[in-house]
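What you see is a predicted model; the values in this text were computed from it and never measured. Below, chains carry the letters A, B, ... as their sequence lines are ordered, and counting in each starts from 1.
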2 protein chains.
Amino acid sequence: MSRPSNAAHVTLADVAAHAGVSRATASLVLRDTGSLTEDTRNRVRASMNELGYVYHRGAASLRASRTQSIGVIVSDISNGFTAELTVGLEEALAAAGVVALIANTLESTDRQELLVRSMLERQVDGLLIIPAIGTTRAMAERLSTVGVPVVIASRDIAVPGLSYVGIDNVTGGSCAAEHLLTHTNGPVAFLGGFTELGPRQDRVAGIKRALATASDAWLEVDIPGPPNGSWGLETARRLLDDGSLPPTIICLNDQVAFGVYRALREARPEGPSPVRVVSFDDVAEAALWEPPLTTIAASGHEVGVRCADILLGRIEAPDGPTVRTLITPTIVVRESCGCLV
Amino acid sequence: MSRPSNAAHVTLADVAAHAGVSRATASLVLRDTGSLTEDTRNRVRASMNELGYVYHRGAASLRASRTQSIGVIVSDISNGFTAELTVGLEEALAAAGVVALIANTLESTDRQELLVRSMLERQVDGLLIIPAIGTTRAMAERLSTVGVPVVIASRDIAVPGLSYVGIDNVTGGSCAAEHLLTHTNGPVAFLGGFTELGPRQDRVAGIKRALATASDAWLEVDIPGPPNGSWGLETARRLLDDGSLPPTIICLNDQVAFGVYRALREARPEGPSPVRVVSFDDVAEAALWEPPLTTIAASGHEVGVRCADILLGRIEAPDGPTVRTLITPTIVVRESCGCLV
DNA sequence: TCGTCCAAGTAGATCGATCTAGTAGAGATT
DNA sequence: AATCTCTACTAGATCGATCTACTTGGACGA
């Protein structure tokens, strides 16, 4: 190979000199614009390959208006829904030749502010944020003045100037409750989720709305908590000890439901419990669980694609309107709700 | 608020003028170097705040050697181990003031090449890559000439000039098999994983090594496949139909094990099967599963931290040696292996 | 033959920070 | 008094691409 890898740094000027054209012409080749003969383009491209030229986007961003990148700041990438969202986003952005640069706040608002700064320093063309817990309205308002389009995902903070894409959790919640009402009644529990976040608030609101239509069912237990299996396990254990766990349970997500089932098995090792459980998310394990979980599925992928569409649109037309989109979830009926047994 | 948000763009020159100093001085304040009075620093910082100055890293990267960012290119961010790895990495980098820019190849080598390019165009100070399936040695060799330190994680491609951090899967495999040998014998199955990837190769190697020490146990079934639950379910169904599923099963990961258990439940709805299963990863659901999974746990977090250390070290000392680190996994004994029942 | 138009390409200023090579002035040393 | 050192600060070149405003040479119409 004739890779001149010891040359400190190959610039467009080097390429231009090698190809016998001016820097301006080489630049036109890079951006596939201007009127140049195909022969010139090929010669320049050949020189780029031969010299191992690497585009210097920082230098370009001094004059060009776009960097073909958007910043993605998520609260927790290890959350399955979030991961799925970024995949949908990246797929949709790839078609437009835009790269997503992802970073994690780990639910720290300090880190969130730092990452927003950092992304803006890198001249991203747009910003997608899943706000960390504790993000205040003031912080969100500041985002509307950063100079690039911003989309908030998953956790709603309604602020003028910011677009929002999320799941219609009110419908999700009522959907869960309505399904249970078709074949059960009595006290209902809702377990998990942080009260300061939209998803829990909306799901509970939807559940209450649905239960209000029935005279013989009511939300008796409503306990907030972390959205994971170990919290679900501990909490269900405690309620079982008290004898205060209703036989109808709606869990914030599948993870909490897994924990609840573990507690039920500990309490009754001899066989399945007669509880009815509905949860949210439909992670991969939900279908494999014993019993297979009835769960409210929402497509993170779809949310991601929608975010990409909005961002690309607003980058194209910065004065366009901000958008609010809710993706409607669907119920996946399996066995945990009790109706197929 | 006195936010002059309509000003097109605030530059260091504007800040300097506002604070009554030169651009050079303002730059020294930014970088916290040089000898300046505390009074001058404060005055400049006040001007930055007042004018809403945003650092332009692209411009800086024309002259400065560092961008305080490293590119992270992963094959699939929705994989729990990968997500955990990025979290460890980001935590360790944050302490050094370095930002990780993460992107997903979705297991496409084309996209991988594109993302490597894109990261280099952005002048990242280092690169962490979990190679996509199908990454050739030639591709990896090209990575050693990119001019910044590169660390390969998880999927080993031994190439001079590249560092590697991964899990000691040979030990993991032999550990799984040795544990099973303490209370079972006969035919063993290994299910899942792509043959072209190191993790499967190494785990099988470790298993074979351990089984070789026993006269009454052997690897009878060895089927590669995607590392997910639905493949595990289908494959176990097929083997059960054939009557060729050994009662001792090692699964590539917990997901595959979940699928296998689903198939077992379908086949014997009346109660638990007498199989012994060990898998890898110890995802959150493993402890909640019925039966709780015995699994080989490896810390993605630890791998991420180690990668950060190596990258930061090599950025500091570019001529330092490349490093190869293996993190030793540990077995988490629960009930699926049959020994606690 | 002249003027116009167009395709193909270029020179040089420019973006915003950083770096080099200084300067001015105060205090210490001989 | 002359020299040296040190602190605090600065002018101007510079990084690598892009953009504006040209030039050049040929084709075409009248």
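Between the P atom of C/dG9 and the CD atom of A/E38 lies a distance of 11 Å, rounded to the nearest Å. Distance, A/Q123 CD to C/dG16 P: 9 Å, rounded to whole Å. In this structure, CZ of A/R66 is placed 11 Å from P of D/dC19, rounded to the nearest angstrom. Protein atom NE2 of A/H9 is 14 Å distant from nucleotide atom C1' of D/dT14, rounded to whole Å. When rounded to the nearest whole Å, the span between CG of A/D32 and P of D/dA17 equals 17 Å. As a whole-Å value, the separation of B/E121 CD from D/dG16 P is 15 Å. One interatomic measurement links the two molecules: CG of A/D14 to C1' of D/dA17, which rounds to 13 Å at whole-angstrom precision. Counting to the nearest Å, the P atom of D/dC15 and the NE2 atom of A/H56 are 12 Å from each other.
The phosphate of C/dA8 (OP1 or OP2) has no side-chain N or O of A/S22 nearer than 4.0 angstrom. Close to C/dG9, at under 4.0 Å from its OP1 or OP2, lies a side-chain N or O of A/T40. Here A/S27 does not reach the OP1 or OP2 of D/dA17: none of its side-chain N or O atoms lies under 4.0 Å away. Taking only side-chain nitrogens and oxygens, B/R31 comes nearer than 4.0 Å to OP1 or OP2 of C/dT18. Taking side-chain N and O atoms only, B/T25 has a distance below 4.0 Å to OP1 or OP2 of D/dT10.
Two residues, B/L28 and B/L62, neighbour DNA chain D, and the one matched to the more 5' nucleotide by heavy-atom proximity is B/L28.
Side-chain atoms of A/T105 never come within 3.5 Å of backbone atoms of A/Q112 as a donor-acceptor pair (strictly under, hydrogens ignored). No donor-acceptor pair closer than 3.5 Å links the side chain of A/Y55 to the backbone N or O of B/R122.
The base of D/dT10 is not paired with the side chain of B/R23 by any donor and acceptor separated by under 3.5 Å.
Dense packing is recorded around CZ of B/R324, with more than 12 heavy atoms of other residues, nucleotides or ligands lying under 6.0 Å away.
Of the candidates C/dC15, D/dT14, D/dA17, the closest approach to any side-chain atom of B/R63 belongs to D/dT14. Side-chain proximity of B/T37 to the nucleotides D/dC9, D/dA17, D/dG12 is greatest for D/dC9. For A/A64, the listed nucleotide lying nearest its side chain is D/dC19; candidates were D/dT10, C/dA17, D/dC19. Here the side chain of A/S35 is nearest to one of C/dT10, C/dA7, D/dA17, namely C/dA7. Closest contact between the side chain of A/L36 and the listed nucleotides D/dT10, D/dG16, C/dA8 involves C/dA8. Comparing D/dT18, C/dT10, D/dC15 by their closest approach to the side chain of A/A24 singles out C/dT10.
With respect to the salt-bridge test (charged N to carboxylate O, under 4.0 angstrom), the residues B/R155 and B/E196 do not qualify. Salt-bridge check for A/R45 with A/E38: passed, with a basic side-chain N closer than 4.0 Å to an acidic carboxylate O.
Of the residues listed (A/Q68, A/H56, A/R57), the one engaging B/E121 in a side chain to side chain donor-acceptor pair (under 3.5 Å) is A/R57, and it is the only one.
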